[in-house]
Amino acid sequence: MARIAQWWRARRPSTRRLAQLYAALLYNAHLKGFLQGEIYTGDFKALCAPGLNCYSCPGAVAACPLGALQNALAASGHHAGWYVLGILALFGVVLGRTVCGWLCPMGLVQEWLHKLPTPKVKKSRVTRALSLLKYAILLLFVISVPLYYGLLKDLPLPGFCKFICPAGTLEGALALLVHPKNAGLRDALGVVFARKAVILALIAVACVFAYRAFCRFLCPLGAIYGLFNRFALVGVRVDVGRCNGCGACVKHCGMDVRRVNDRECIQCGQCAGVCAQKAISFRCGKATLIGPDAKPNGRGKALRVALLVALIAALVCFNLPGKAPAADYSSDAPTA
C-alpha cells in the first residue's frame, strides 16, 4: 500500500492538469452527442466558452468565441456584435492567456503530443519570429475575410474556421464522421475538408517536435488574449524586489517569451518552480494562489473540489432538453 501511495504521489496530475481536464469535459459535457452523432443545440449554445472548442463538436455545449467573433463581424453590416466583443474583453481582462495555459482543450492535446519521445525543437530567433504569424492570421482570416464577405457580398464566411482551424477538423468534422449515423456525409467531403485534414496532420506533427506549436505560431484566439496579459486579474506575477534577473524563468519556458507575463506567456506558472529567488507566483488580484507567499490553507484542494462540483453541475444542466437558434459559427460540418 505504501508503495502504491508513493507511486501516486510521484505521478498524480498537477492542479493545472486537472483544470485542463475539467475544462475539456465542461466544454464537451453533452456526452450523449458523441453517442448520437448529433450537434447539441440547447440553450447553452448561445454562450461562449473561453477556450478554443469547436461549436460543431457533438459534445460542445457552448460556442467558440473565435467562431462567434467571425460570425459577428460577417453580420456587422446588419447589427453590431457587442456581445461577442464584450465576452472576449471580459475573458481577456479577467484571465488573459490563463485561458491558454489552464482552460483550453487544444492546449491540453498539444502538451500530450509533445510528450512523445522525440528530439525537440529549441526556441530561437526563428521561433520568436514565427510567433508573430498568429497576429497576421488574426488580421487576415479572423477579421478581414469575414468583414469583406459580410459587408461587400452579404455572405457569412468565417475564414479561419473554414480554411485553417484544427479544432474544427478534429472536433467538428472527424468527431461527426466517425459515427455510423453520419456515414452518408462522407460522400459530401470536398477539397476544403481535405486541405484542412492535411493542416491538422501537419500541426499535430509540429506539436510533437515543438512545444504547443499551434498555440505559439498560429492560434488567433491566443493572440487576442495575449493583448490583455498585462492587465488581466489572474496570472503570473514577478516580485521585482526578489528577482535578481538571472533569466532562468525565460530559459525554462517552452513559449517564446522575452519576459514573464508578456503577450506570449500562457500563465502556466511552471516558471515559479525554477525560480531560485522565489520571486514568481500565480495570483488573482492581490491574492497569491500558487507561490512562496500562498497561505497553506488548501487552496489547491479547494480548487480541485470546486472544479469537480462545477463539472457535475454542468453534466446535469447541459444534458437537459432545450433548443437554441440554429447556427454554425465555424463552418466545420463535414459538408464543408
Side-chain angles (χ1 to χ4, degrees), residues 15-30 40 43-57 59-72 81-111 134 138 142 158 160-161 165-168 170-172 212 214-215 218-236 255 261 263-269 282-285 289 303 306-311 313-315 317-318 329-330:
T15 300
R16 186 175 78 93
R17 186 67 77 218
L18 286 174
Q20 289 176 302
L21 290 168
Y22 289 155
L25 289 171
L26 280 170
Y27 294 172
N28 299 287
H30 189 249
Y40 171 73
D43 297 332
F44 286 96
K45 213 55 176 281
L47 305 176
C48 286
L52 191 69
N53 195 75
C54 184
Y55 178 100
S56 298
C57 178
V61 295
C64 169
L66 201 60
L69 173 62
Q70 293 169 87
N71 185 72
W82 297 118
Y83 163 72
V84 178
L85 295 175
I87 200 67
L88 276 170
L90 177 63
F91 290 150
V93 169
V94 176
L95 297 169
R97 291 201 76 178
T98 300
V99 173
C100 305
W102 291 71
L103 302 175
C104 183
M106 281 300 294
L108 176 61
V109 171
Q110 291 176 81
E111 290 182 14
K134 59 181 173 289
L138 172 64
V142 177
F160 178 77
C161 293
C165 186
L170 178 64
E171 301 170 354
R212 295 184 71 139
F214 172 71
C215 193
L218 301 175
C219 182
L221 186 59
I224 294 172
Y225 288 145
L227 301 176
F228 293 91
N229 259 2
R230 287 189 179 184
F231 318 104
L233 180 66
V234 178
V236 177
M255 303 297 288
N261 200 36
R263 65 172 183 263
E264 298 301 322
C265 177
I266 58 172
Q267 313 289 350
C268 65
F282 189 81
R283 300 179 187 175
C284 177
L289 302 179
L303 176 61
L307 288 169
L308 181 60
V309 171
L311 173 61
L315 287 171
C317 294
F318 291 154
Y329 296 125
S330 63

Student: What's the verdict on side chain to side chain contact (heavy atoms under 4.5 Å, CB included) for Gln267 and Val99, showing C-alpha distance, side-chain angles and the deciding distance?
Tutor: CA-CA 8 Å; Gln267 313 289 350; Val99 173; over 6 Å; no
Student: Which distance, rounded to the nearest 0.5 Å, do you find between the NE2 of His30 and the NZ of Lys45?
Tutor: 8.5 Å
Student: Can you name the closest pair of heavy atoms from Gly51 and Pro65 and give their distance?
Tutor: O-CD, 3.5 Å
Student: Could you tell me whether a side-chain N or O of Asn28 sits under 3.5 Å from a main-chain N or O of Cys57, the two making a donor and an acceptor?
Tutor: no
Student: How many angstroms lie between atom SG of Cys100 and atom CG of Asn229, to the nearest 0.5 angstrom?
Tutor: 8.0 Å
Student: Ignoring hydrogens, what is the shortest heavy-atom contact between Pro105 and Ala24? Give both atom names and the distance.
Tutor: CG-CA, 4.0 Å
Student: Is there side-chain contact between Lys134 and Leu221, with heavy atoms separated by less than 4.5 Å?
Tutor: no
Student: Taking the side chain as every heavy atom from C-beta outward, state whether Arg97 and Cys215 have any atom pair closer than 4.5 Å.
Tutor: yes
Student: Not counting sequence neighbours, list each pair that qualifies as a side chain to side chain donor-acceptor pair (under 3.5 Å) and has a residue in residues 82-92.
Tutor: none
Student: Classify the ring geometry of Tyr225 against Phe91: parallel below 30°, tilted from 30° to 60°, perpendicular beyond 60°.
Tutor: perpendicular
Student: Keeping Tyr55 on the side-chain end and Gly172 on the backbone end, is there a donor-acceptor pair under 3.5 Å?
Tutor: no
Student: Could you check whether any side-chain heavy atom of Leu233 comes within less than 4.5 Å of a side-chain heavy atom of Cys284, counting everything from C-beta outward?
Tutor: yes
Student: State which residue, out of Leu52, Asn71, Asn53, Leu69, fulfils the side chain to side chain contact (heavy atoms under 4.5 Å, CB included) condition with Cys64.
Tutor: Leu52
Student: Report the distance from atom CG of Leu170 to atom SG of Cys54, rounding to the nearest 0.5 Å.
Tutor: 9.5 Å
Student: Just so I know, are the side chains of Tyr27 and Leu103 near enough to count as touching, which here means a heavy-atom distance under 4.5 Å?
Tutor: yes
Student: Would you say Gln110's side chain and Phe214's backbone share a donor-acceptor pair under 3.5 angstrom?
Tutor: yes
Student: Taking all non-hydrogen atoms of both residues into account, name the closest pair between Arg17 and Glu111 and its distance.
Tutor: NH1-OE1, 2.6 Å
Student: Please report the closest heavy-atom contact between Ala62 and Cys48, naming both atoms and the distance.
Tutor: CB-C, 4.3 Å
Student: Would you check if the side chain of Gln70 reaches a backbone N or O of Val142 as a donor-acceptor pair within less than 3.5 Å?
Tutor: no
Student: Distance check, rounded to the nearest 0.5 Å: Cys165 atom SG versus Met106 atom CE?
Tutor: 7.0 Å
Student: With heavy-atom distances below 4.5 Å as the criterion, would you say the side chains of Arg212 and Cys219 are in contact?
Tutor: no
Student: Tell me, do Phe282 and Thr98 make a side-chain contact under 4.5 Å, heavy atoms counted?
Tutor: yes
Student: Is Thr15 close to Trp102 at the side-chain level, that is, under 4.5 Å between some pair of heavy atoms?
Tutor: yes
Student: Tell me whether the count of non-hydrogen atoms from other residues, nucleotides or ligands lying under 6.0 Å of CZ in Arg230 goes above 12.
Tutor: no
